[in-house]
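Owing to the predicted nature of the structure, the values given are computational and were not obtained by experimental measurement.
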Amino acid sequence: MRITKVDTFTFWADWCNWLFVRVSTDEGLVGWGEGSLHGAIASVETAIREMSPALVGAPFDGVEVSWQRLYHGWRWRGGAIQNTALSAIDLALWDLEGVPKGPGLGAEVNVEAIAELSFRPQPLSQSRSWWS
C-alpha cells in the first residue's frame, strides 16, 4: 500500500479556524487528522504541503516509519507551526493504520475486555470532601 495524496481542508467556525488533513492510499483507504493553530492556519497548511512529498509515493510501512521519514527529512526541527503540521499528519496516519484492511476485520470482530475496579466507591455520605 502506497500513499498517493495528502490534502488539506480549512474552515472557519465563529470562534476558531480549523485545518484537517486527509491522507489517501492507492487502495482507496483514507486517514484524517486535525492540525489547527489559531492565527497561523495558512502557515501550518504550507508546512503540510512542504512535508507531503516525503510521503506521497512512499510505501505505508506503518506510522512510526512514516513519522521518522517526515521528522528527519528537514535539517531544522521544532516550533509550533512545524510541530502542528507534523501532528496533523501523524493523526491522519494513525487513523489510516486503524482502517480495516481486509475481510473479517472491523465490526465483525468480537473482542472481550476484562476491566478491573481499581478503587472501591463509597456512598456519598461516607466520602470526604477536599476541604474538610
In Å, rounded to the nearest 0.5 Å, how long is the span from CD1 of Ile3 to OG of Ser24?
9.5 Å
Indicate yes or no: at least one non-hydrogen side-chain atom of Val30 is less than 4.5 angstrom from one of Leu96.
no
Sidechain-backbone polar pair: Ser36 side chain, Leu19 backbone, donor-acceptor under 3.5 Å
yes
Val65 and Gln68: CA distance, side-chain angles, deciding distance, side-chain contact (heavy atoms from CB on, under 4.5 Å) verdict
CA-CA 5 Å; Val65 172; Gln68 292 292 334; 5.9 Å; no
Can you sort out the partners of Arg2 under salt bridge (charged side-chain N to carboxylate O under 4.0 Å, His left out), two or more places apart, ordered by chain and number?
none
Any idea which heavy atoms bring Arg69 and Ala58 closest together, and the distance?
NH1-CB, 3.5 Å
Is Val56 reachable from Met1 through a run of I, L, V, M, F, W or Y residues, each pair having side-chain heavy atoms under 4.5 Å apart?
yes
To the nearest 0.5 Å, what is the distance between OG (Ser87) and CD (Glu34)?
10.0 Å
What's the separation between atom CG in Leu55 and atom OG1 in Thr25, rounded to the nearest 0.5 Å?
12.5 Å
Evaluate the side-chain proximity of Val6 to Arg22: yes if any heavy-atom separation is below 4.5 Å, no if none is.
no
Could you walk me through whether Trp32 and Phe20 pass side-chain contact (heavy atoms from CB on, under 4.5 Å), step by step?
CA-CA 7 Å; Trp32 288 90; Phe20 296 98; 4.2 Å; yes
Which one of Ile81, Leu91, Leu70 satisfies the side-chain contact (heavy atoms from CB on, under 4.5 Å) criterion with Leu86?
Leu70
Could you see if Trp18 belongs to whatever hydrophobic cluster contains Phe9? Use Ile, Leu, Val, Met, Phe, Trp, Tyr and a side-chain cutoff under 4.5 Å.
yes
Contact check, side chains of Met51 and Ile89, non-hydrogen atoms, under 4.5 Å:
yes
Looking at every non-hydrogen atom in both residues, tell me the closest pair between Val23 and Ala92 and how far apart they are.
CG2-CB, 3.6 Å
If hydrophobic clusters are built from ILVMFWY residues whose side chains come within less than 4.5 Å, do Trp94 and Val21 share one?
yes
Mind checking whether Leu37 and Asn17 have side chains closer than 4.5 Å, heavy atoms only?
no
Rounded to the nearest 0.5 Å, what's the gap from CD1 on Ile41 to CH2 on Trp12? Could you check?
8.5 Å
Hey, are the side chains of Ile48 and Glu45 touching, using non-hydrogen atoms and a 4.5 Å cut-off?
no
